[in-house]
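Below is one structure, written out as structure tokens; the observations come after it.
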There are 2 protein chains.
Amino acid sequence: MTRVSLIPVRPGGPGEPAAESERRDAARNRALLLRAARELVEEAGADGLTMASLAARAGVGKGTVFRRFGSRGGLMLALLSDAEAGFQGRFMFGPPPLGPGAPPLARLIAFGAERINWVLEYGELARAADASAHNRFDVPAAVLWHRHLEMLLREAGVTADPWLMAGALSVTLEPERILHSVRVHGVSPERLAESWRELVTRVVRGG
Amino acid sequence: MTRVSLIPVRPGGPGEPAAESERRDAARNRALLLRAARELVEEAGADGLTMASLAARAGVGKGTVFRRFGSRGGLMLALLSDAEAGFQGRFMFGPPPLGPGAPPLARLIAFGAERINWVLEYGELARAADASAHNRFDVPAAVLWHRHLEMLLREAGVTADPWLMAGALSVTLEPERILHSVRVHGVSPERLAESWRELVTRVVRGG
DNA sequence: AATGTAAACGGACTGCGGTCCGTTTCTTAT
DNA sequence: ATAAGAAACGGACCGCAGTCCGTTTACATT
């Protein structure tokens, strides 16, 4: 399964291949930090994790945390990495109707349903990752979904600016909105999925 | 023209009527602060305004700034108040096709076009207001657009969960996405408006 | 005018994300 | 083994949003 790298190895540069021999102490600290971060999220929720408390828990300096993950958002992205990769694998290579083999509209519908459930499980982390990320639309994972949606729209025969249309559909599934609907207004996941189905069906058929 | 109060008089309580006799010094400081805030935004942009610099410029203490506006977001909302009220007035009471009198689909299309232009003019403030506002969907203005879109959808004969559908359309027009499209990807306002037209047309006709 | 009191004031203080830079540790070459 | 250089480390430090609470000010009542 192909993996899109979510955390650049060097904070500054563009996404390099992740392997390239990391120094022993760096690797150890990364493991320490990820473990400590998961513990803290478990105990206090994503919002309850502070970079200082994480450093303390892992027994490293605060500078090390930022050297490793770049920012709070980067850390959250790292914590999400596996879940994100799983989701990507499912819609790109998994079984239909989510994966290839089903008609595009069916894949679109399945994509939304899958994403909604994903958000309900990992949304708090995703929200924390998005917050204070000026570039949430340019994160590799976001670009990938966008392209995927755009491709499905094209396959479904949508010729009217599929790039923007994919963007419109994409924001519809963002954690912020989904969690707000569910938590504040008590909307059920099924109702959200049904609404998504209506939306993409109309977008595809309306052409 | 009816005005929806955007800034609660008392930070804690729900939106009370704005009149209710404000103490003379409070009123003076509010005017001072708003004027200073506009100057600072003019000079350094919304992101360049800090609450401390605002307090200094207005010649008041920092506590006063927070007492008056509650938070940075509240201040930005206050700065947007007039622009927001103008927009509200236009889509609720203005001339068609934006205001009442035109068929619902035409009003929906006009709503998007108007909002896009609005965001291009005031978007930076709106973005600053949204950022770090955990409740951006519950801000009075947002609730109002949501209801408006929902109503238009119903009038247009959309029976499939108009509330959620209105929410989906609504996030599509958020400053974050619009500004990102324009500034990072060079999308023209016209192209955005056209895409919105396609979207709402399909949503309405697809039923 | 004097007085009581509720409201507003102001700035020191806290907590957080993020940066900086002198110090330490790993790795490689000799 | 050792020395040199690169990379990682760590915690003091900064700027900012937001809070707290002792002090001041405006208004109403007499």
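Just so we're on the same page: letters track the sequence lines, and every chain starts at 1. The structure displayed is predicted, hence computed values, not measured ones.
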If I take atom [atom1] in residue [X] and atom [atom2] in nucleotide [N], what distance separates them, rounded to the nearest angstrom?
| X | N | atom1 | atom2 | answer |
| --- | --- | --- | --- | --- |
| B/Leu54 | C/dG11 | CG | P | 14 Å |
| A/Glu22 | C/dT27 | CD | C1' | 14 Å |
| B/Phe66 | D/dG18 | CZ | P | 5 Å |
| B/Asp47 | D/dG15 | CG | C1' | 15 Å |
| A/Met51 | D/dC16 | CE | P | 20 Å |
| B/Met76 | D/dG18 | CE | P | 10 Å |
| B/Leu33 | C/dC9 | CG | C1' | 12 Å |
| A/His134 | C/dG18 | NE2 | P | 11 Å |

Are [X] and [N] close enough that a side-chain N or O sits under 4.0 Å from OP1 or OP2?
| X | N | result |
| --- | --- | --- |
| A/Thr64 | D/dG10 | yes |
| A/Arg67 | D/dG10 | no |
| A/Arg23 | D/dC9 | no |
| B/Asn29 | C/dC9 | yes |
| A/Arg72 | C/dG17 | yes |

Pair B/Glu174 + B/Arg127, salt bridge at N-O below 4.0 Å: no
Listed nucleotide nearest any side-chain atom of A/Ala26, set D/dA17, D/dC9, C/dC9: D/dC9
Nucleotide of C/dG10, D/dC9, C/dG11 approaching B/Val60 most closely (side-chain heavy atoms): C/dG10
Minimum side-chain heavy-atom gap B/Arg191-A/Trp163 below 4.5 Å: yes
Residue mapping more 5' on DNA chain C - nearest nucleotide basis, A/Arg24 or B/Gly63: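 Going by which nucleotide is closer to the 5' end, it is B/Gly63.
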Residues, nucleotides or ligands: over 12 heavy atoms within 6.0 Å of B/His185 NE2: yes
DNA chain D: 5'-proximal contact among B/Asp25 and B/Thr50 (nearest heavy atom):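 The residue mapped nearer the 5' terminus is B/Thr50.
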Over-ring placement of A/Arg115 relative to A/Phe87, 6.0 Å and 45° cut-offs: yes
Under 3.5 Å donor-acceptor pair, B/Lys62 side-chain atoms to C/dA12 base atoms: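 Absent.
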Distance-minimising heavy-atom pair for A/Ala37 and A/Leu49: O-CD1, 3.7 Å
